[in-house]
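Ligands are counted one by one from 1 in listed order, and the atoms in each one are counted from 1 as well.
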Amino acid sequence: MSAQIRPVLAGNWKMNGVASSLSELSEIVEGHARFPDVDLVVCLPATLLSRAQPLVTDSGVAIGGQDCHADAAGAHTGDISADMLVDAGATCVIVGHSERRADHNETSETVARKATAAWAAGLKAIICIGETRSEREAGETLDVLSAQIAGSVPVEATAANTLVAYEPVWAIGTGLTPTAADVGVAHAHIRAELTRKLGDAAMTVPLLYGGSVKSSNAAELMAVDDVNGALVGGASLKAADFLAIAAVFGKI
Ligand code: PEP
């Protein structure tokens, strides 16, 4: 954690949730009052955003999308633009999640274009990077992170428009996590690479760790230098689980 950067707990509901699931969001909004020093964000399926917006108005809980197209508009059947997300109530969007990189063959260049599109619409971009299991086993983790930062993070990134999430692919949804020491090495490397690319602007860009975060491991992960918050999938679906992590952040 860092005294300079407010802790951020971002949830990613992925392809889960229908209107009735918004009771969980309402519970998160009620619970947030207990953790005013933690910024809470929930990245919802696009279908829920406009229904969620009135639930979070003036609450200090933000809602976001999980992807946007790199173009502002046009012939892209089934896609969603950054402007559409803003219109539905989003204030941020995840770009480059490993599931998008894998399922939709997204390259780092596409991810950078999506981040730029998000900014143009007024959204913050949560840019995801992280190595696969085979890359880790080959000792390539830091090289992969460097390449993904070079390709996915536009030079205009600042603390005001960007969060970077380190999500080892092998840790997502598996219950596995890197050691705190390994997370520390990765986050120090990410901060250094961002600083080389962005200069001083990089010093306050929030760096989130993502991959099987739950309340039982949150304290250890969040105590690591340069970890400023978490991106959470499975444990964001239930308000009680998400708020239990927020409670841990609130104490650090
Ligand atoms: C994610 O989807 O970004 C994620 C980190 O998932 P989980 O917390 O379920 O591992």
Closest heavy-atom contact between [X] and [Y]?
X	Y	value
Trp13	Ser21	CH2-O, 3.4 Å
Ile63	Leu49	CD1-O, 3.6 Å
Cys68	Val95	SG-CG1, 4.3 Å

Does Ser146 form a side-chain hydrogen bond (donor to acceptor under 3.5 Å, both in side chains) with Glu193? I'd like the steps, not just the answer. CA-CA 7 Å; Ser146 297; Glu193 288 288 77; 2.7 Å; yes
Which atoms of ligand 1 are found less than 4.0 Å from any heavy atom of Ser212?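 Ligand 1 atoms under the 4.0 Å threshold to Ser212: 7 (P), 8 (O), 10 (O).
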Evaluate [X] for polar contact with ligand 1, using N/O atom pairs at a separation under 3.5 Å.
X	answer
Glu99	no
Ile172	no
Val232	no
Glu167	yes

So that I can tick it off, tell me whether [Y] and [X] are bridged by a salt bridge, with the cut-off set at under 4.0 angstrom between side-chain N and carboxylate O.
X	Y	value
Glu106	Arg100	yes
Asp241	Lys214	no
Asp71	Lys114	no

Protein contact of atom 9 (O) of ligand 1 - nearest heavy atom, named by residue and atom, plus distance: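 For atom 9 (O) of ligand 1, the nearest protein heavy atom comes out as Gly234 N, 2.8 Å.
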Test item, [X] contacting ligand 1 (heavy atom, 4.0 angstrom):
X	answer
His97	yes
Ala171	yes
Gly173	yes

From the options Pro168, Ala165, Gly233, Gly211, select the one whose nearest heavy atom is closest to atom 7 (P) of ligand 1. Gly233
